[in-house]
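Below is one structure; the comments refer to it alone.
Hydrogens, waters and symmetry mates play no part in the numbers below; they use all other heavy atoms, side chains included. Numbers restart at 1 for each chain; the letters A, B, ... are given by sequence-line order, proteins then strands.
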Number of protein chains: 2
Amino acid sequence: MPAPVRQRRARGSITPEAVINGAFELAKTETLDGLSMPRLARHLDVGVTSIYWYFKSKDELLDTLTAEAFRRFYGQMPPLTGRRWDDVLREFFRGFRRILRGDDVLCDLCIMRTMRHTEETITLTTARIEEVVEILVEQGFSAETAHEAYSALSVYTRGCLFIERLIRVHGIPDPQSRARAVAAISAPAYPGVTRLTTMVEDENFEFGLENAIRGLRTLRTAEKRER
Amino acid sequence: MPAPVRQRRARGSITPEAVINGAFELAKTETLDGLSMPRLARHLDVGVTSIYWYFKSKDELLDTLTAEAFRRFYGQMPPLTGRRWDDVLREFFRGFRRILRGDDVLCDLCIMRTMRHTEETITLTTARIEEVVEILVEQGFSAETAHEAYSALSVYTRGCLFIERLIRVHGIPDPQSRARAVAAISAPAYPGVTRLTTMVEDENFEFGLENAIRGLRTLRTAEKRER
DNA sequence: ACCTGAACACCGTTCAAGT
DNA sequence: ACCTGAACACCGTTCAAGT
């Protein structure tokens with residue numbers, strides 16, 4: 001009954017930046033999945049269609065948000081200070097995980113959404129990769145191996161973030177049903193199985209990280225001997 | 001104008017199994033995201049609401065599909081034949097990746113969707129984990145380490161599948177824009193960077209797998225010496 | 001007990017205006 | 001050039017029937 005009166009906005013009173021900031025705000029109060037065009041419009045006090053003047057689809061808006069997310073993410077990544085290659089790897093991938101685990105919106109945009117990055121994002125990412133690779137090469141790795149090492153640890157770290165994010169969104173089965181399920185096994189040989197082996201915690205992450213570094217140490221020695 | 005006549009179905013002509021099979025068929029022709037209740041109903045030639053008699057929400061239907069997907073997945077996992085622990089790990093995780101990379105619907109259900117499994121699925125999974133862990137323990141690993149090793153390789157393999165799936169769904173930026181982006185870096189020290197380091201291919205997967213095994217070998221020797 | 005269409009509140013997007 | 005509401009085709013889910 002009360003007419004949904006809303007003042008017509010002045011020309012130029014909407015900017016792409018305002019839309020992007022509003023989108024981040026809204027995603028933060030809910031979740032990235034909760035971000036819809038009508039809700040965003042309401043949040044910005046703008047007609048729904050007005051957003052389409054600046055972003056020709058929701059996907060294009062999300063791409064822009066992703067680019068901004070990467071900028072914010074890399075802005076938070078501290079510069080490398082370690083001297084030895086293994087300390088550098090630890091520092092880098094621990095930081096990587098810490099930052100994205102602490103910000104669900106950034107995690108959803110940088111890790112969960114897509115692999116189609118903008119040119120700017122690729123530049124940012126590649127520069128960071130190079131930094132790490134360079135240190136590895138300086139300290140005796142071949143360029144080839146250094147890249148593979150980075151790639152493997154990157155996949156591992158993103159795998160952790162991905163699984164941890166799924167758990168935060170959907171939860172895990174309650175411990176009781178889990179215990180019953182494990183009890184149903186014919187030969188539960190090792191009590192440790194009852195622990196959530198499919199879940200990632202700090203110690204799990206650390207084990208994989210240290211183990212990879214151990215493998216790389218052996219490889220480095222072998223590569224050095226070859227020359 | 002032509003009245004949308006559809007015969008009323010007989011009582012008992014719809015079964016949960018038929019719904020599930022229809023859902024798998026439909027997801028296969030499109031994608032899991034393309035599976036909607038109206039489309040599924042049309043595919044089954046059933047009223048939309050009828051599905052809700054057997055599954056009280058789409059989420060419950062998806063949970064049932066996930067349980068079935070895990071059954072199919074484990075049905076395809078070959079029994080372990082390797083003798084040495086490292087061969088067993090290779091065999092297991094290569095098979096894991098191969099099967100889920102070859103079936104997008106299974107991958108979406110088992111890897112991408114959720115971590116909230118049914119009791120049956122947990123039993124299936126835990127039994128498989130135990131099989132691997134037991135072999136590691138027989139050959140000199142502590143139960144603790146064996147679990148951590150499994151967990152790390154599982155996270156790594158699922159990370160690969162996750163990233164590969166994202167690429168299949170959304171694609172990656174075209175090589176040209178990528179090359180331009182890399183060229184924009186101030187000091188592109190290593191030409192290898194131009195290669196898609198964020199992408200996962202067979203050789204990338206193998207490197208991480210072998211490297212983890214290398215790390216475990218060192219750890220095993222150390223653990224043996226301690227005793 | 002089982003099957004059904006109409007209806008509701010949502011979504012992304014387009015159209016045809018208004019200023 | 002920029003902002004807008006109405007409208008469209010979709011979605012998941014509920015309701016109030018029908019048999």
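The CZ-P distance, from R42(A) to dA9(C), rounds to 13 Å in whole Å. In this structure, W53(A) places its CH2 atom 14 Å from C1' of dG18(C), rounding to the nearest Å. Taking atom OH of Y52(A) as the reference point, atom C1' of dA7(D) lies 14 Å away to the nearest angstrom. Note: CE (M37(B)) to C1' (dC10(D)) measures 15 Å, nearest angstrom. Atom CD1 of I51(A) is separated from atom P of dC11(C) by 12 Å (rounded to the nearest Å). Going from atom NZ of K56(A) over to atom C1' of dC3(D) covers 19 Å, rounded to whole Å. Counting to the nearest Å, the P atom of dT13(C) and the CZ atom of F55(A) are 13 Å from each other. Rounding to whole angstrom units, CD1 of residue I14(A) and P of dC2(D) are separated by 11 Å.
Here the closest heavy-atom approach between residue T123(B) and residue A181(A) is recorded as OG1-O, 3.0 Å.
Both S36(B) and R11(B) lie close to DNA chain D; mapped to their nearest nucleotides by heavy-atom distance, the more 5′-ward contact belongs to S36(B).
Using a 4.0 Å heavy-atom distance criterion, R9(B) is classed as a sugar-phosphate-only contact. Using a 4.0 Å heavy-atom cutoff across all strands shown, S50(B) reaches at least one base atom of the nucleic acid. Residue contacts shown for Y54(A) are limited to sugar-phosphate atoms, with no base heavy atom under 4.0 Å away. T49(A) comes within 4.0 angstrom of a base, heavy atoms only.
When both pairing distances are held under 3.5 Å, dA6(D) makes a Watson-Crick or G-U pair with dT14(C).
A donor-acceptor contact under 3.5 angstrom links the side-chain atoms of R8(A) to the base of dC3(D).
Using a cutoff of 4.0 Å between basic side-chain nitrogens and carboxylate oxygens, R97(A) and D202(A) are scored as salt-bridged.
Side-chain polar atoms of T66(B) and D63(B) form no donor-acceptor pair below 3.5 angstrom.
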*asked:* For F55(B) and I20(B): C-alpha separation, side-chain torsions, deciding distance, then whether side chain to side chain contact (heavy atoms under 4.5 Å, CB included) applies.
replied: CA-CA 10 Å; F55(B) 304 93; I20(B) 290 166; 4.0 Å; yes

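When ring centroids are compared, F93(A) and F205(A) stay outside the 6.0 Å threshold.
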